[in-house]
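The next block holds one structure in the form of structure tokens; read it before the comments.
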Amino acid sequence: MRDKLLEIYDKLFERYSNQYWWPAATKEEVVIGAVLTQNTSWANVEKAVENLKQQGVCSFEGIYKINIEQLKIYIKPAGFFNQKAEYLKNTAKFFLENGSINGLKKRDTKILREKLLKIKGVGKETADSILLYALDKPVFVVDAYTKRLIERHNLSKNTDYDSIQRLFEENLKKDTALFNEFHALIVKNAKEFCTKKPRCNGCPLEGV
DNA sequence: CACCAGGAATGTA
DNA sequence: TACATTCATGGT
């Protein structure tokens, strides 16, 4: 399985090269984007983030202090704005009360993940995205694209979140840079060949 | 018009 | 545990 996963990685990297994720100016913006992108296209997230930047509140302090009704207006393009405004408030509060980015980076990964999952609005994928892309922890992020990849190539019997995550983490070296690039490449490839028509034609993973 | 996008919480059986 | 429903905007 290790060779299979590395074959997929190599073919994706050969096609697309470095993706330089997460696309954000600061680590705090990574966390904010991770919440905003829940079941939402990245283009819409960018509009919401741009609004927050123009208002000078694209930070934990900014999110924490701003009036929630005003926050809803700024993040409106990202959808689910009633929920996400509350989720962003919860997340900003958590970081401000627990040492923020640099303070939390020193903590144990497993403990950190459990604490992140207690935040209302932060599920497994969002927690893992924060761990990997904001806190530089070697955690593999599983999203809908990753699940579809595993299913279509029949790489695992169990396709629940934890099973797929273990598949990657137990077969690859726990390397932050590798997990960062691998997930980004999966998303890049899926956007190009799994949604647009015709599907799969010319996909670097044909026959893998 | 339908469908979905870098999910999560909540409710039901 | 395993599904179903709800949340909402904007592009294709």
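Because only heavy atoms are used, hydrogens play no part in the values below, and waters and symmetry mates are left out as well, while side chains stay in. Only a predicted model underlies this, so the values are computations on that prediction, with no experimental measurement involved.
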Any carboxylate oxygen within less than 4.0 angstrom of a Lys/Arg side-chain nitrogen, looking at [X] and [Y]?
| X | Y | result |
| --- | --- | --- |
| A:K110 | A:E114 | no |
| A:K137 | A:D128 | no |
| A:D136 | A:K27 | yes |
| A:E14 | A:K11 | no |

Short of 4.0 Å, heavy atom to strand atom, which residues of residues 29-47 of chain A count as contacting DNA chain B?
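Heavy-atom cutoff 4.0 Å gives A:T37, A:Q38, A:N39, A:T40, A:S41, A:W42.
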Heavy-atom contacts under 4.0 Å between residues 80-98 of chain A and DNA chain B, which residues?
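Output list: A:Q83, A:Y87.
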Please report, rounded to the nearest Å, how far the [atom2] atom of [N] is from the [atom1] atom of [X].
| X | N | atom1 | atom2 | answer |
| --- | --- | --- | --- | --- |
| A:N51 | C:dT9 | CG | P | 14 Å |
| A:D160 | C:dC3 | CG | P | 11 Å |
| A:L116 | B:dA9 | CG | C1' | 17 Å |
| A:L117 | B:dG7 | CG | C1' | 13 Å |

Please figure out whether A:K120 or A:K191 has its closest DNA chain B nucleotide nearer the 5' end.
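So the residue in question is A:K191.
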Is there a donor in the side chain of A:K84 and an acceptor in the side chain of A:T40, or the other way round, less than 3.5 Å apart?
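Yes, because at least one side-chain N or O of A:K84 sits under 3.5 Å from a partner of the opposite role on A:T40.
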Quick one: do the A:E192 and A:Y16 side chains pair a donor with an acceptor below 3.5 Å?
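Yes.
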Side chain to side chain contact (heavy atoms under 4.5 Å, CB included) with A:L132: which of A:T109, A:V141, A:V30?
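Testing each of A:T109, A:V141, A:V30 against A:L132, the sole residue satisfying side chain to side chain contact (heavy atoms under 4.5 Å, CB included) is A:V141.
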Have a look at A:I119 and say if it touches a base, only the backbone sugar-phosphate, or nothing, with a 4.0 Å heavy-atom cut-off.
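Answer is sugar-phosphate: A:I119 comes under 4.0 Å of backbone atoms only.
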Say we look at C:dA8 and B:dT10: how far apart would their P atoms be, to the nearest angstrom?
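Straight-line distance between the two P atoms is 14 Å.
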Nearest to the A:K76 side chain among B:dA5, B:dA8, C:dT9, which nucleotide is it?
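Selected nucleotide: C:dT9.
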Could you go step by step and tell me if A:F179 and A:F168 meet the ring pair (Phe, Tyr, Trp, His ring centres under 6.0 Å) rule?
CA-CA 9 Å; A:F179 289 175; A:F168 284 92; 8.0 Å; no
